[in-house]
Student: 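Following this message is one structure expressed as structure tokens.
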Amino acid sequence: MSFGKGSHLHLIDGSAFIFRAFHALPPLTRKSDGLPVGAVQGFCDMLRRYIAKDHGRDFPTHIAVIFDKGSHTFRNELYDQYKANRDEMPEDLRPQIPLTRRATEAFNIACKEIEGFEADDIIATLAVQARDAGGRVTIVSSDKDLMQLVGGGVEMFDAMKNRVIDAEGVVEKFGVGPERVVDVQALAGDSVDNVPGAPGIGIKTAALLINEFGSLEELLDRAEEVKQPKRRETLIEKRDQIELSKKLVQLDCDMDLPFTLEDLEARDPDPDTLLGFLAEMEFRSLSKRIAEALGEEAPVIPETAPQAADGEAEAEDQPDFADATYTAIRDADTLQVWIDRARERGYLAIDTETTGLNEMTADLVGVSLCIEAGEAAYLPLAHRGAADGDLFNSDELTEGQMDAGEALALLKPLLEDPSVMKIGQNMKYDAKILARNGIDIAPIDDTMLLSYALHGGLHGHGMDMLSERYLGHKPIPIKELIGSGKSQITFDRVEIDKAVRYAAEDADITLRLWKLLKPQLHRHHVTRVYERLERPLVPVLADMERAGIKVDRNTLSRMSGAFAQKMAALEEEIHELAGEKFNVGSPKQLGEILFDKMGLEGGKKGKTGAYATGADVLEDLATEHDLPARVLDWRQLSKLKSTYTDALQEHINPETGRVHTSYSIAGANTGRLASTDPNLQNIPVRSEEGRRIREAFVAEEGKVLVSLDYSQIELRILAHIAGIDALKEAFRDGQDIHAATASEMFNVPLDEMTPEVRRQAKAINFGVIYGISGFGLARNLRIPRAEAQGFIDRYFERFPGIRDYMNDTTAFAKEHKRVETLFGRVIHTPEISASGPRAGFARRAAINAPIQGTAADIIRRAMVRMPAAIADLPAQMLLQVHDELIFEVAEDAVDELIATAREVMEAAPHPVLTLDVPLVVDAGQGANWAEAH
DNA sequence: GCTATCACG
DNA sequence: GACGTACGTGATAGCC
């Protein structure tokens, strides 16, 4: 087919794509030999869209992947420093480049490269040819150089972000249309490609100048007319350099190509070739998906034994999931066989199925067991007739199930047998369910926590994810059994045969993951982290969650009513001030009222096109007008009512009268816990009105709530890690640390300290923990940026150790792609070498992680030791809020509890670590949490 | 399902 | 000089 009107050419910038994929995606290696293939997989996944034909009207008639070839191009002849500051290609990316070419060929897509030419120029030439022939062009790339080409039927597509870039997008980026992009680039230069441009002029200024003068040539000829002296001089003095820059950034649209557009016609891939290549790469789920799209059988990829040499997994050969045998256990004899086998083996994987996700209300429906990969059994205990079946019989237990009591009585000795390891995925869930059935499961291993200790920061730790990633197997989605949304059924309504396949598979997967991950602990030096900080927390948290905390419904309900009244009054007032009724809770409507209708200054639209109406914006507006101030009040009440006084009531368990949160151990990257359903780690405290919600959290009659919290633990850890003598001394002397910092920084004696100066020092102290920036501090303190930067400079001058810590930590993260806490917890930082704003995020996260993570480790150690320490006291640990533990204790044992728990908390780093600063724990007590805190 | 907002340490 | 920024979370409401 000849190329012309109606044709649509897709040009994929291959080199740029794999560079970005390499940095954006996790470092996947081929299991059999450790060959890095993450970028290749990302590339193939992108090409998969062409197989799936889910492009709609944009499906290409012609397509090619274009690569760079050779490092020396005509631009180096013009300027020997062109791209001279490029980093070496990462070691792990190098071997993936030829593989990417092979991938392109396997997809039967034209693969083009020309020695001595950049992909950009080939793409430019092809795009112009295609456009001139009357066709459409989509350039799959986000390289800003290619933005010159946009318009007249040419658009760009950012495959990583799944976003089309058209002429409008170009204007957004460069401030000028595509035809003037070169001019702006020539002025602004490009640090990545080492294009010099005009010193002192960035994209913003360049766009301004080009828009004013019409073109670069015009600007340079009339440079005398530029008003700003500095700019004028630069433009005149650096004219040659600017003109050279233009030549460097200008794409060559007129290359002699040894092929034609017709050669790029889209062709269907040969399934054997393509699937063969994917199998060779060992892309399990990808080859399955592509096989499905092609209507072919997925290739069988053997579960090869990874080579020990590469230091990664060394799981024994595990059988194919397709060959697995999953059976039902329907009688005591069969169950006994499984129990005996588990005893003999010394371990088993186990998974419980229940009627819901809430362990406090869900009922046990069945238990699955696995001792050998590929061989698992499901023990159904409480399956009932289908919900839509005969009403009369629907609650009857289905035939062929063991009596639950009998089965659990047989299982109990095994599950409590100290010589048999029980393996689960997220064992806290199963432990709680079993505890409610009288079984104290121990000892345990948890594949979720293995993954967390090994790979925290790299990816999530849910079973579906781990299975796809490490076993190349997509588990049966639970939705296939129970549906979703309104028509969702509970697991006890699932047919037993279906339940067997699903439940047994989960136990099978868990066992396989355990065999794969457990041996890696040692090699990654996280055995102690897993054994001391992750695993022992499971029973401790299970106990706390089961205990719950008593919440007084009447208190909440009264507050809800009061809030509702106040809100209604405020709402009326707001509508009056606005002159019309609108939904105060809608940021979109509020923005339009404030900035469009009322014409207030300072309206800024975010990326969605809506005005920002956050608290900081409204606070600024509140000086000008009453309405924003009322909205702030309304928002506060609305938050308190919906999230706390209303929602908390729903969480009171009718059986216990208490609220039972659930802590996720592997949720936060730094090692912190996260509290969900409900979140009891963000109960209001900072505002007077909000703090009253804590009055609803109460102790039982005759008991008291006690709260113990670490004082300034993160700053103490910073002082220790960064070795800041002045801070250490201040902590040893028990000084007010923020006042001490202020005194040191501003040379103000402590007894002359003003609250304002102290406040600023406090903001800086916190900023340091977060990876301070002038911008962030300025915003926080609402002071000019230059002033904030001045504070930071002075701070670093007085505490040079902190700057060293930040630099050292960043350098360590860049080298190792991870940081560590003082207790050896590893937090991976894959984004640390990213470019653009993401690099800043990653850097600050890397600076923060060892500090926040060490604090998290310390309180984890305290929590693990706490139950034994207070075993003889009539006390129970209920909640953790990052640096605070809340207990419920009999009135007459309060003092003893405080003394004991404080000792455990203050000594938590021992014996592994002795901090250079003391840990101080403050205590409070009362009938409710507001009093105790 | 995404975004904005706001509650906590 | 320019870019876009404080770290870590979870719940709710609005909106497509």
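Below, chains carry the letters A, B, ... as their sequence lines are ordered, and counting in each starts from 1.
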Student: Just checking A/Phe766: base, sugar-phosphate only, or nothing, at a heavy-atom cut-off of under 4.0 Å?
Tutor: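 Touches nothing.
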Student: Are A/Glu906 and A/Arg716 ion-paired here, with the side-chain N under 4.0 Å from a carboxylate O?
Tutor: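 No, this pair does not count.
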Student: Regarding A/Ala849, tell me which of base, sugar-phosphate or nothing describes its non-hydrogen contacts under 4.0 Å with the strands shown.
Tutor: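 Touches nothing.
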Student: Per the side-chain contact (heavy atoms from CB on, under 4.5 Å) rule, which among A/Lys641, A/Glu695, A/Arg692 passes with A/Met559?
Tutor: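 Looking at A/Lys641, A/Glu695, A/Arg692, the match for A/Met559 under the side-chain contact (heavy atoms from CB on, under 4.5 Å) is A/Arg692.
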Student: Look at A/Glu534 together with A/Arg860 and state whether they make a salt bridge at an N to O cut-off of under 4.0 Å.
Tutor: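 Judged by the 4.0 Å cut-off on N to carboxylate O distance, A/Glu534 and A/Arg860 do form a salt bridge.
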Student: On DNA chain C, nearest-nucleotide positions of A/Leu777 versus A/Ser675: which is more 5'?
Tutor: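 Whichever sits nearer the 5' end wins; that is A/Leu777.
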Student: Looking at every strand, decide which applies to A/Ala856 at a 4.0 Å heavy-atom threshold: base, sugar-phosphate, or nothing.
Tutor: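 Nothing: the residue A/Ala856, judged by heavy atoms under 4.0 Å, touches no strand.
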Student: Just by distance, no angles: are the side chains of A/Ser707 and A/Arg694 close enough, under 3.5 Å, to form a donor-acceptor pair?
Tutor: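 Short answer, no.
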Student: Scan A/Glu714 against the nucleic acid and name what it touches under 4.0 Å (heavy atoms): base, sugar-phosphate only, or nothing.
Tutor: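 No contact.
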Student: If I pick the C1' atom on B/dC6 and the same atom on C/dA2, what distance separates them, to the nearest angstrom?
Tutor: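 Taking atom C1' in both C/dA2 and B/dC6, they lie 31 Å apart.
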Student: Verify the distance criterion only: is there a donor paired with an acceptor across the side chains of A/Asp145 and A/Gln185 at less than 3.5 Å?
Tutor: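 The answer is yes; a qualifying pair exists.
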Student: Just checking A/Arg686: base, sugar-phosphate only, or nothing, at a heavy-atom cut-off of under 4.0 Å?
Tutor: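 Since a base atom lies under 4.0 Å of A/Arg686, the category is base.
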Student: What does A/Asn682 touch in the nucleic acid at a heavy-atom separation under 4.0 angstrom: a base, only the sugar-phosphate, or nothing?
Tutor: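 The answer is base, as A/Asn682 lies within the cut-off (heavy atoms under 4.0 Å) of a base atom.
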Student: With sugar-phosphate meaning primed atoms plus P, OP1 and OP2, does A/Asp709 contact a base, only sugar-phosphate, or nothing at under 4.0 Å between heavy atoms?
Tutor: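 Counting heavy atoms under 4.0 Å across all strands, no contact is made by A/Asp709.
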Student: Taking only Lys NZ, Arg NE, NH1 and NH2, and the carboxylate oxygens of Asp or Glu, determine whether A/Asp616 and A/Arg782 approach each other closer than 4.0 Å.
Tutor: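 A salt bridge is absent here (no side-chain N lies under 4.0 Å from a carboxylate O).
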Student: Go through DNA chain B in 5' to 3' direction and return only the first and the last nucleotide with some atom under 4.0 Å of chain A's heavy atoms.
Tutor: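 Under 4.0 Å from chain A, the extent on DNA chain B is B/dT3 to B/dG9.
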Student: Atom CD of residue position A/Glu172 - does it have more than 12 heavy atoms of other residues, nucleotides or ligands inside 6.0 Å?
Tutor: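 No.
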Student: What does A/Asn780 touch in the nucleic acid at a heavy-atom separation under 4.0 angstrom: a base, only the sugar-phosphate, or nothing?
Tutor: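 Result for A/Asn780 = base.
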Student: Just checking, is any N or O donor in the side chain of A/His933 or A/Glu884 under 3.5 Å from an acceptor N or O on the other one?
Tutor: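 Looking only at side-chain atoms, A/Glu884 and A/His933 do form a donor-acceptor pair, the distance falling under 3.5 Å.
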Student: Looking at A/Lys230, I'd like to know if its NZ atom is crowded, meaning that more than 12 non-hydrogen atoms belonging to other residues, nucleotides or ligands lie closer than 6.0 Å.
Tutor: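 Not buried by this count: 12 neighbours or fewer within 6.0 Å.
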Student: Walk along DNA chain C from 5' to 3' and tell me the first and last nucleotide with an atom closer than 4.0 Å to a non-hydrogen atom of chain A.
Tutor: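 On DNA chain C, the outermost contacted nucleotides are C/dG1 to C/dC16.
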Student: Pick base, sugar-phosphate or nothing for A/Ala763, based on heavy-atom distances below 4.0 Å to the nucleic acid.
Tutor: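 Touches a base.
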Student: Nearest-nucleotide wise, let me know which of A/Ala647 and A/Arg785 is further upstream toward the 5' end of DNA chain C.
Tutor: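 Closer to the 5' end of DNA chain C: A/Arg785.
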Student: Mind checking A/Lys204 for me? I need base, sugar-phosphate or nothing, with any heavy atom below 4.0 Å counting as a touch.
Tutor: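 The residue A/Lys204 makes sugar-phosphate contact but no base contact.
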Student: Mind checking if A/Gly767 touches a base, just sugar-phosphate, or nothing, with heavy atoms under 4.0 Å?
Tutor: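 Touches a base.
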Student: For a quick check of understanding: with a heavy-atom distance under 4.0 Å over all strands, which category does A/Ser586 fall into, base, sugar-phosphate or nothing?
Tutor: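 Contact class for A/Ser586: sugar-phosphate only.
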Student: Classify the ring geometry of A/Phe697 against A/Trp929: parallel below 30°, tilted from 30° to 60°, perpendicular beyond 60°.
Tutor: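 Judged by the thresholds at 30° and 60°, the geometry between A/Phe697 and A/Trp929 is perpendicular.
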Student: Any donor and acceptor pair, going by atom type alone, linking the side chain of A/Gln241 with main-chain N or O of A/Gly197 inside 3.5 Å?
Tutor: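 The answer is yes, because a donor-acceptor pair under 3.5 Å joins these two groups.
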Student: Contact class for A/Gln589 (heavy atom, under 4.0 Å): base, sugar-phosphate, or nothing?
Tutor: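 Touches sugar-phosphate only.
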Student: Where is the tightest heavy-atom contact between A/Gly548 and A/Leu878, given as atom of each residue plus distance?
Tutor: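 Smallest interatomic distance, heavy atoms only, reads O-CD2, 3.4 Å.
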Student: Take atom C1' in C/dC3 and the same atom in B/dC8, then report the distance between them in whole Å.
Tutor: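 One C1' to the other, the span is 31 Å.
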Student: Side chains of A/Ser833 and A/Lys817: do they bring a donor and an acceptor to under 3.5 Å?
Tutor: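 There is such a pair (donor and acceptor under 3.5 Å, judged by atom type) between the side chains of A/Ser833 and A/Lys817.
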Student: Using the P atom as the point on both nucleotides, what is the distance between C/dT5 and B/dT3, in whole Å?
Tutor: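 Pairwise P distance, B/dT3 against C/dT5, rounds to 14 Å.
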Student: Counting the atoms with a prime plus P, OP1 and OP2 as sugar-phosphate, which does A/Gly840 contact under 4.0 Å by heavy atoms, base, sugar-phosphate, or nothing?
Tutor: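 Counting heavy atoms under 4.0 Å across all strands, no contact is made by A/Gly840.
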Student: Should stems be defined as at least three consecutive Watson-Crick or G-U pairs with both distances under 3.5 angstrom, which of them involve DNA chain C?
Tutor: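 DNA chain C stems, ordered by first number: B:1-9 with C:7-15.
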